[in-house]
Amino acid sequence: EAAVTQSPRNKVAVTGGKVTLSCNQTNNHNNMYWYRQDTGHGLRLIHYSYGAGSTEKGDIPDGYKASRPSQENFSLILELATPSQTSVYFCASGDLLGGRADQDTQYFGPGTRLLVL
Amino acid sequence: GDSVTQKQGQVTLSEDDFLFINCTYSTTTYPTLFWYVQYPGQGPQLLLKVTTANNKGISRGFEATYDKGTTSFHLQKASVQESDSAVYFCALVDNMGYKLTFGTGTSLLVDP
């Protein structure tokens, strides 16, 4: 079974502070993703990575940085946290989608709930 | 760019009712389409996948059919159970196979 873990699971931060969210996958997938989930918006892609050393901007990258130091680890960094970044953040891993295999998918972690005061 | 639309924000049913969730999409390529389910306190997980090759996906009693004419892929289930209460997302993968675009989700509550 594919496994994606996230830490911390809950975080309270102050406005202007630095926040780092960590993600680890044991699936040996090349691609990793960071999403945020907000009511009325569904899941929105922040950053993603094709492999160690690479990071790409997703649909809403402003205010976020990402780091992929290894195949297994992908971090999301909020250098100057703002209350608008209060959300639930999900990490995911996966290989290329769209093939004929019924089960190719992105595997999601359990989420990190971030509150910025 | 790609987009998916789920207009039903919340659906409340009783056990054994028929479920129908509508999703429409917009893309410039032949799409591969997904339905994800998210249970409380968990991340989304794959429910089923539909491609232009098979036009239909079936999993755990759920069925989704892709309609190119109306650019839609609805999710349906003949008889829902309380355990089906969750949030359901439709999603579209980009033509490179890397990025998913999600709908806003439909929250299903099934009363026992």
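All figures in this text were calculated on a predicted structure; none of them were measured in a lab. The chains referred to below are lettered A, B, ... by the order of the sequence lines, with proteins before strands, and numbering in each begins at 1.
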Stepwise side-chain contact (heavy atoms from CB on, under 4.5 Å) check, Tyr36(B) with Leu43(A):
CA-CA 11 Å; Tyr36(B) 281 81; Leu43(A) 288 146; over 6 Å; no
Please classify the contact between Gln6(B) and chain A as side chain, backbone, both or neither, with a heavy-atom cut-off of under 4.5 Å.
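Neither part; nothing is under 4.5 Å.
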Under 4.5 Å between side-chain heavy atoms, hopping through other hydrophobics if needed: is there a path connecting [X] to [Y]?
X: Leu109(B); Y: Leu75(B); result: no
X: Trp34(A); Y: Ile60(A); result: yes
X: Leu13(B); Y: Trp35(B); result: yes
X: Leu45(A); Y: Phe108(A); result: yes
X: Tyr107(A); Y: Met32(A); result: no

With the side chain counted from C-beta on, respond yes when Leu100(B) and Tyr35(A) share a heavy-atom pair under 4.5 Å apart, and no when they do not.
yes
Side chain, backbone, both or neither: which part of [X] has a heavy atom under 4.5 Å from chain B?
X: Gln37(A); result: side chain
X: Arg113(A); result: neither
X: Asp59(A); result: side chain

About how many Å separate OG1 of Thr104(B) and CG of Asp38(A), when rounded to the nearest 0.5 Å?
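Those atoms lie 12.0 Å apart.
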Looking at Arg44(A), I'd like to know if its CZ atom is crowded, meaning that more than 12 non-hydrogen atoms belonging to other residues, nucleotides or ligands lie closer than 6.0 Å.
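Enclosed: over 12 neighbouring heavy atoms sit under 6.0 Å from CZ of Arg44(A).
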Could you check which of Gly43(B), Gly105(B), Gly41(B) has the highest count of heavy-atom pairs closer than 4.5 Å to chain A?
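Heavy-atom pairs under 4.5 Å are most numerous for Gly43(B).
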